[in-house]
Amino acid sequence: MYDRIREKLSILADAAKYDVSCSSSGSNRKNDNKGLGNSHASGICHTYTEDGRCVSLLKILLTNHCIYDCAFCVSRKSNDIKRAAFTVQEVVDLTISFYRRNYIEGLFLSSGIFKDADFTMERLLRIVKKLRLEERFNGYIHLKTIPGASRELLTEAGLYADRMSINLEMPTETGLKLLAPDKSHEEVKKPLGFIQNTITQYKDEKKTGLIKSIPKFVPAGQSTQMVIGATPETDMEIMYSAAEYYKNFKLKRVYYSGYIPISYDSRMPQIGSQPPLLRENRLYQTDSLMRFYGFEVHELLNPNNPHLDTDIDPKLSWALRNPEQFPVDINTADYRMILRIPGIGTQSALKIIKARKFGKLRSDQLKKIGVAYNRAKFFMRCADTPYQLNDPEPSHIKGLILSETNSKYLKVAQNQLSLF
Amino acid sequence: MITYVFDGSFEGLLTAIFEFYEYKPKAVQLFWDRHYQPSMLEEPHIVTSDPAKADRVWKGLKKKISPEWLFNFYRTYLSEDPVIFQHLFEFARYVFDNPPGAENNFGNPHVMAVSKMNRMVGREKHRFTAFIRFQQTTDSIYYAPAEPDFNILPLISSFFKKRFADQKWVIYDVKRKYGLYYDLNTVEIISYEFIQNVDTSKPLLPANMLDEKEELADVLWKDYYKSTNIPARKNMKLHIQYLPKRYWKYLNEKHEKN
């Protein structure tokens, strides 16, 4: 008796899962109408799938019918798969039913394009409005911006959604044209820019304090995604593109999705080849270094180093390329430099700054604070560091670190070798 | 070294700190009475919880440390860990005996131990905002049993009250045999008698106690969980790191494949 809805959910969740964003953070919607739900500043992962990814939102397509034929997409017009579509009410009921049982933080709603952009966007908007206005739902809503939808529809959608996103799909315009001739990055930039400007307008109006209650407009900001490994871009091209979008559109996140072969198209990796998980991991590490560690993208990737190392992470790699910056004295250096020491994260760096006011820190204290001392020790000095006549060569340090951490990297690396 | 034995309550812990300053022994070894083995060689000092003494210590701490640390002190207590009780005791002494700001000295072993446990309790609290799974009953109460590592119910109460303001719910700590009940107005603490019809040894309620919509919701959630997984990316090590097996009992999506 449940067969129909079960089949729809399976098809439309399966088709939506290649969009990797699962974030439910950054919003602050409160439940002050005694309705259902609120959003939690730090986001909550309600469960994890066997691939180790977080499940925070009910991530579905409204439909997988699509007029486009993008080679990298499962829902492309020419793909011979089962098609399905939810009704507005079905999406609303599913969301509420899951939310009330604390299965999810909210809804991530995307869709194939049926008929045209406005028709699709209008249908998505109807669902979101129904949730907010009729069900008094204050949980998290991530809504896809449909490229080419009218400004009126986008403005209205922004009043109900917490986050909006629109995917670049491929890191460069050339890559995109190769696989999706009907699409362009210009089409993505227009709505990204329009929504960003509207966010700023609402914020500015709030700052003036003239009007008491300014409605929320996309309070958790915008994000985008690019597929990695379907087209031949270098890591440098990918991260420069990401940095540009972070800067120009104040994006909250850029997601990197290792391409999972879903097509026999000869332009792309074949079905059965492994997704580039290690490369994806290195890109995310680079992304974090840019967002939280104060690195500029050109420090990590540049024409001399257009690719990230596979055997070591980008922070260690940077440190080994710049031996003149080390060793850093933990007891005197500023926060910025402490953060650049391999083996020290943001939490430990903050604790070091606070704790050293009480006296010079020793290695045993650093270990307790949470520093990965066996890695950090090559790049720092503390109160009990023995005097050293000459600094070891970077290549020697790399060897020492790799020999100590071999299990983790070796395993991953072997697993990955077949990809390249 | 003198032995203090207290009843394991927060009030008792604060009273013990008060009585340290009252009697000024050199050093104190603090025991939770549940774990204390009397011995012939020593005469322990029995700490009797005293609200007035506890209140004075709490107010004293309030003056010495930031509101954030004051909350962390309480949160760390909820770990119910006998070793941590000793660290909390020493931590309080350390901040009382030093100028303001001492709580930021992460080089001090007690500050670090408390700070570490505080994070662990915080993580457990966060996990239970995520891993609670409600089942809708025939009388429209959403019921969720749980077995957290630490006593985190007091920490998640307001989270669930705010989020599920328009539905009645019960969260029951099976290990500690008490729970929270929200009746659309306030959250009350309930004892096992409140749910005496429920077999708390089982994670799921029997079908006759469940609302008719519960079965479909459960099936669809399991379907969704399966469909949203990408088999080509399978990584069980990471999966178990994020979702340790001890939590699976109450996660319906992890119950055997249907």
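Throughout, a chain's letter reflects where its sequence line sits, starting with A, and its residues are numbered from 1. Bear in mind the structure is a predicted one, so any value in this text is a computation, not a measurement.
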May I ask you to check whether over 12 heavy atoms, not counting those of [X], lie within 6.0 Å of atom [atom1]?
{"X": "B:Y247", "atom1": "OH", "result": "yes"}
{"X": "B:I240", "atom1": "CD1", "result": "yes"}
{"X": "A:Y335", "atom1": "OH", "result": "yes"}
{"X": "B:K249", "atom1": "NZ", "result": "yes"}
{"X": "B:M209", "atom1": "CE", "result": "yes"}
{"X": "B:E212", "atom1": "CD", "result": "no"}
{"X": "A:Q270", "atom1": "CD", "result": "yes"}

Choice from [options] maximising heavy atom contacts with chain B below 4.5 Å:
{"options": "A:K357, A:K59, A:R136", "answer": "A:K59"}
{"options": "A:G37, A:G139, A:S97", "answer": "A:G37"}
{"options": "A:L58, A:N138, A:I260", "answer": "A:L58"}
{"options": "A:H40, A:Q365, A:K351", "answer": "A:K351"}

Would you say the side chain of [Y] lies within less than 4.5 Å of the side chain of [X], judging by non-hydrogen atoms?
{"X": "A:E280", "Y": "B:R233", "result": "yes"}
{"X": "A:I44", "Y": "B:F159", "result": "yes"}
{"X": "B:Q241", "Y": "A:Y48", "result": "no"}
{"X": "B:K162", "Y": "A:N38", "result": "yes"}
{"X": "B:S227", "Y": "A:K17", "result": "no"}
{"X": "A:T49", "Y": "B:H239", "result": "no"}
{"X": "B:F164", "Y": "A:Y99", "result": "yes"}

Checklist entry - For the residue pair B:W221 and A:F98, does the interplanar ring angle fall in the parallel (under 30°), tilted (30 to 60°) or perpendicular (over 60°) class? => result perpendicular
Heavy-atom pair count under 4.5 Å with chain A, highest-scoring of [options]:
{"options": "B:Y225, B:F131, B:F106", "value": "B:F106"}
{"options": "B:N235, B:L243, B:I230, B:L238", "value": "B:I230"}
{"options": "B:R119, B:R127, B:K213", "value": "B:R119"}
{"options": "B:A165, B:A232, B:G101", "value": "B:A165"}

Checklist entry - Is chain A contacted by the side chain of B:M236, its backbone, both, or neither, given a heavy-atom distance below 4.5 Å? => result both
Checklist entry - At a heavy-atom separation under 4.5 Å, does B:F160 approach chain A through its side chain, its backbone, both, or neither? => result side chain
Item to check | Side chains of A:R101 and B:Q135, donor plus acceptor under 3.5 Å | outcome: no
Checklist entry - Do you see a donor-acceptor pair shorter than 3.5 Å between the side chains of A:N102 and B:Y142? => result no
Checklist entry - For A:S42 and B:H126, which heavy atoms make the closest approach, and how far apart are they? => result OG-CE1, 4.0 Å
Item to check | Heavy-atom closest pair, residues A:L57 and B:Y224 | outcome: O-OH, 3.0 Å
Checklist outcome for this item: Which of B:T228, B:V219, B:L220 passes side-chain contact (heavy atoms from CB on, under 4.5 Å) with A:L9? Answer is B:L220
Next on the checklist: Looking at B:D166 and A:R100, is there a salt bridge between them, counting it only when a charged N and a carboxylate O are closer than 4.0 Å?
Outcome noted: yes
Checklist entry - So, B:R163 and A:E105, do they make that salt bridge, N to O below 4.0 Å? => result yes
Item to check | Side-chain (A:H46) to main-chain (B:A130) donor-acceptor, under 3.5 angstrom | outcome: yes
Checklist entry - So, does A:K34 use its side chain to make a donor-acceptor pair with the main chain of B:L184 at under 3.5 Å? => result yes
Checklist entry - Yes or no on side chain to side chain contact (heavy atoms under 4.5 Å, CB included) for B:Q167 and A:L36, after CA distance, side-chain angles and deciding distance? => result CA-CA 8 Å; B:Q167 72 191 43; A:L36 174 64; 4.0 Å; yes
Item to check | Within residues 175-183 of chain B, residues adjacent to chain A where the heavy-atom gap is under 4.5 Å | outcome: B:Y182
Checklist entry - Given the rule in the side chain to side chain contact (heavy atoms under 4.5 Å, CB included) test, do B:N108 and A:K368 qualify, once you have shown the distances and angles that lead to the verdict? => result CA-CA 10 Å; B:N108 176 289; A:K368 280 209 174 127; over 6 Å; no
Checklist outcome for this item: Output for pair (A:R356 CZ, B:N104 CG), nearest 0.5 Å, gives 13.5 Å
Checklist entry - Between A:T47 and B:R133, does a side chain to side chain contact (heavy atoms under 4.5 Å, CB included) hold up when you go through it step by step? => result CA-CA 11 Å; A:T47 190; B:R133 294 284 180 270; 3.7 Å; yes
Next on the checklist: side chain to side chain contact (heavy atoms under 4.5 Å, CB included) for B:N252 and A:Y103? Distances and angles first, verdict last.
Outcome noted: CA-CA 10 Å; B:N252 53 343; A:Y103 296 165; 2.9 Å; yes
